[in-house]
Protein chains: 2
Amino acid sequence: MKFSTRSEYGLRAMVVLAGIQDKSPLSLRQIAEQERISEQYLEQIFMDLRKAELVQSVRGAYGGYYLARDPADITVKEILEVLEGPIFHYECLSADGQGCSFKEGPCLVQVVWRKMQESMTDILQGMNLQGLQEGIYE
Amino acid sequence: MKFSTRSEYGLRAMVVLAGIQDKSPLSLRQIAEQERISEQYLEQIFMDLRKAELVQSVRGAYGGYYLARDPADITVKEILEVLEGPIFHYECLSADGQGCSFKEGPCLVQVVWRKMQESMTDILQGMNLQGLQEGIYE
DNA sequence: ACTATATCCTACTGCTTTACTAGGAATAAG
DNA sequence: CTTATTCCTAGTAAAGCAGTAGGATATAGT
């Protein structure tokens, strides 16, 4: 029960980008060196971040990536959902309230998943890139 | 980011055991049928639960399993830690405060893992088998 | 035009984990 | 002695994880 390295690397790289004031692009090579991450692995991660429109790219020499939006407006939840898939999604918890598929009646365990999901959502939504970069969370 | 079926099955089976008043053992066959789970898979899960001394077993005909302690005294956290391994354990968060290995100085991202871990621990520790079985959590 | 530096994209690979299945030994009740 | 059950090991197909490899495309500077 932990996040994958994709999430960790991606989040760390995004915090680095949040530390840059202007919109000049930063290359993956620089980020990878600074954070000691495989550059090619980071490329794949950033393809997903770009498709999710969390970063924008500049191709060619002196190119790289920059944040697509204000760092204070990008939540950790958004990033992790892109890199990790839905956080604690269970069919159990679907909106139509169909309940568990395995038997009739309510599942006595689904309340555990729901509480986890609610709490995770709150925490991750309450943290954004600017806050992380400034280290204001404690 | 979700718990494995091991955790789900194990937790559901434990709730079933919590619904039995006396200490008469319930066989895995009965639990497996009721919960629509593979009996042999459930066996493996219960080997771990027994080794962790959360359940006790009675071998032979009319044997089975029963809870080793009062259901109000067995938390969801204990069960999930047995079946899933440590919840959100990161080297980052070790007590010695060594910090992240990947670079000097504090990791700006570890606060995310820590907050997750703290919240998870609180929630899972606050729910026990009796409460789940009675459906008191909402 | 040419070169160096980037992103972009696909494919592959070794490893681990997951969710089981198979088969048998040991134990106990009737 | 049969039946029901736990106990234990091994195997296995599929998926996921954490990368690596190699090339196509785009752009800045010379």
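Within every chain, numbering begins at 1; the chains are lettered A, B, ... in the order of the sequence lines, protein sequences first and strands thereafter.
- No more than 12 heavy-atom neighbours from other residues, nucleotides or ligands sit within 6.0 angstrom of CZ on B:R29.
- Summarising the geometry, the separation between CG on B:L42 and P on D:dT5 is reported as 14 Å, rounded to the nearest angstrom.
- One donor-acceptor pair, N or O on each side, does fall under 3.5 Å between the base of D:dT25 and the side chain of A:R59.
- In this model, the phosphate group of D:dA26 is not approached by any side-chain N or O of A:Y62 to a distance below 4.0 Å at OP1 or OP2.
- Look at CD on A:Q40: it is 12 Å from C1' on C:dT10, rounded to the nearest Å.
- For the OP1/OP2 pair of C:dA6 and a distance below 4.0 Å, the side-chain nitrogens and oxygens of A:S57 include no atom meeting the criterion.
- Of the listed residues (A:E78, A:Q56, A:E53), just one forms a side-chain contact (heavy atoms from CB on, under 4.5 Å) with A:R69, and that residue is A:E78.
- Between A:R50 and the phosphate of C:dC9, there is a side-chain N or O to OP1/OP2 separation shorter than 4.0 Å.
- The shortest distance between the side-chain N/O atoms of B:S4 and the OP1/OP2 oxygens of C:dT18 is not below 4.0 Å.
- The shortest distance between the side-chain N/O atoms of B:Y41 and the OP1/OP2 oxygens of D:dT12 is not below 4.0 Å.
- The shortest distance between the side-chain N/O atoms of A:Y9 and the OP1/OP2 oxygens of D:dG19 is below 4.0 Å.
- When the side-chain nitrogen and oxygen atoms of A:S38 are compared with OP1 and OP2 of D:dA18, none of them lie within a distance under 4.0 Å.
- With hydrogens and angles left out, the side chain of B:Q44 and the base of C:dA19 share no donor-acceptor pair within 3.5 Å.
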